There are 2 protein chains.
Amino acid sequence: MNVRVDHEDRRRQIAEALLRIADTQGLQSASMRAVAAEAGVSLRLVQYYFETKEGLLLDALERLGTQLQARMARWITEAGSPPTPRALVTAVLSSILPTDPESRRITRTYAAYYTLVLSDPALVEKHGTPQPDLLEGFLAKQIRAAQRSGEIDSGKDPEMTAAGLLTMVNGLGSSVLGRQRTGDAALAILTHHLDELFRTA
Amino acid sequence: MNVRVDHEDRRRQIAEALLRIADTQGLQSASMRAVAAEAGVSLRLVQYYFETKEGLLLDALERLGTQLQARMARWITEAGSPPTPRALVTAVLSSILPTDPESRRITRTYAAYYTLVLSDPALVEKHGTPQPDLLEGFLAKQIRAAQRSGEIDSGKDPEMTAAGLLTMVNGLGSSVLGRQRTGDAALAILTHHLDELFRTA
DNA sequence: CACGGCATGATACGGGTGTACCAGGAGGTC
DNA sequence: GACCTCCTGGTACACCCGTATCATGCCGTG
């Protein structure tokens with residue numbers, strides 16, 4: 001039964017068990033033993049494929065990032081072709097909002113990692129998360145394009161507007177996870193602000 | 001040395017030790033023993049004044065809420081008398097932003113509690129945190145007042161605008177804590193959006 | 001066919017966790 | 001002065017943690 005197994009498969013199986021626990025019970029419940037049980041393997045196996053727990057956490061975080069990236073890419077392609085700047089901005093922002101099970105899962109898991117990074121900033125540097133800045137730049141670019149075509153008031157500052165939208169979506173997500181607002185209510189707030197931004201001034 | 005000591009004093013001493021640890025090392029490092037050492041008392045004392053750890057966590061969270069409330073109140077009184085709606089909105093929002101040591105401490109500690117609440121929603125219900133909704137209502141009220149005096153375009157939806165501002169500030173705070181942005185940069189983004197909102201349309 | 005390395009299992013170790021138990025000293029009350 | 005309640009210290013218990021160790025099976029290669 002022991003044919004040279006595919007390491008990548010095993011690693012994925014275990015890392016996704018970790019992510020599942022982080023989503024449902026939080027990272028503090030994701031002990032090595034719990035991950036092993038969730039993945040249906042022995043504790044030793046988890047140790048074997050990830051020498052240390054930090055390695056497992058980092059690997060899982062990377063996979064989570066890939067999942068979010070894939071989700072955004074999917075939403076972007078669904079924005080039509082060729083996509084208008086407005087469709088792109090809407091797709092990117094609402095793909096982050098926890099409105100459906102997948103995005104709820106991703107957002108919740110990211111939140112679980114968030115406090116971990118706060119108490120140990122060195123962790124994220126070993127992994128490199130350049131995403132947020134890139135996203136902000138992308139949004140700013142789309143806003144500038146919309147300004148050229150007259151969809152957005154040219155008086156707006158693209159960088160500031162992009163940063164405001166992105167942080168707003170981030171905050172909206174937090175409030176949804178904290179059960180202070182439903183996902184639909186958050187989406188309504190986002191679309192309201194997008195409508196306001198894109199109305200011809 | 002054992003004169004009937006003031007329970008409230010001791011409880012505050014211990015709870016603030018917990019908050020200090022939560023701020024600097026995260027809540028996961030705030031064990032009963034660590035709190036005892038930080039407060040300079042024995043483990044038994046912590047147990048004596050807070051029967052269980054959950055009790056200690058809840059009590060400390062309540063005190064943290066009081067501290068934030070006091071901070072906001074202070075900023076509001078500094079907004080001048082009588083304060084303009086714009087000054088009030090600015091005071092409330094920027095008092096939440098982690099720009100000085102006190103607000104950084106409060107925000108960081110709240111963030112430490114955030115994931116705790118995510119993995120155990122029942123926790124916050126024993127404590128009752130009606131703050132966010134109240135704040136949103138307060139902001140909406142100020143926005144309406146500013147609309148009546150012509151400072152804000154009357155076409156804006158007060159509730160939506162208030163929710164957008166509050167969640168944006170929340171997200172800005174997260175990005176500052178995550179070292180993605182400095183506190184000053186976050187404040188600049190906030191004031192930019194306030195300037196835009198309050199320019200006569 | 002033998003051998004060496006990959007893959008897996010069971011278990012042990014040292015340490016940290018929250019909580020419970022037992023003991024005793026100080027102060028006010030009868 | 002006796003007593004009782006408040007306050008504090010030390011320590012033990014049972015459990016969970018991440019990691020390390022030892023052993024054993026299977027496989028492909030020589």
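Remember, it's a predicted structure, so these values are computed and weren't measured experimentally. Proteins get letters first, then strands, A, B, ... in listed order; numbering begins at 1 in each.
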* Asked: For atom CZ of B/Arg74, is the number of surrounding heavy atoms from other residues, nucleotides or ligands below 6.0 Å larger than 12?
  -> yes

* CD (B/Glu51) with more than 12 external heavy atoms under 6.0 Å -> no

* Euclidean distance, atom CZ of residue B/Phe50 to atom P of C/dG18 [Å, nearest integer] -> 14 Å

* Structure fact -> A correct 5'-to-3' footprint of nucleotides 15-22 of chain D, with B, S and - meaning base, sugar-phosphate only and no protein heavy atom under 4.0 Å, is --BBBBB-

* Asked: Between B/Ser42 and D/dT8, does any side-chain N or O lie under 4.0 Å from OP1 or OP2?
  -> no

* Counting just side-chain N and O atoms, does A/Tyr48 come under 4.0 Å of either OP1 or OP2 of C/dA7? -> yes

* Side-chain ion pair, A/Lys156 and A/Asp153, N-O less than 4.0 Å -> no

* To do: Measure from CZ on A/Arg10 to C1' on C/dG9 and round the result to the nearest Å.
  => 13 Å

* Determine: side-chain N/O of A/His7 to OP1/OP2 of C/dA7, distance under 4.0 Å, yes or no. => yes

* To do: State, yes or no, whether a side-chain contact exists between B/Val176 and B/Thr182 at a heavy-atom distance under 4.5 Å.
  => no

* A/Arg20 with A/Glu38: basic N within carboxylate O range, under 4.0 Å -> yes

* **More than 12 heavy atoms from other groups under 6.0 Å of NZ on B/Lys141** => no

* Asked: Contact class for B/Tyr49 vs. all strands (heavy atom < 4.0 Å): base, sugar-phosphate, or nothing?
  -> sugar-phosphate

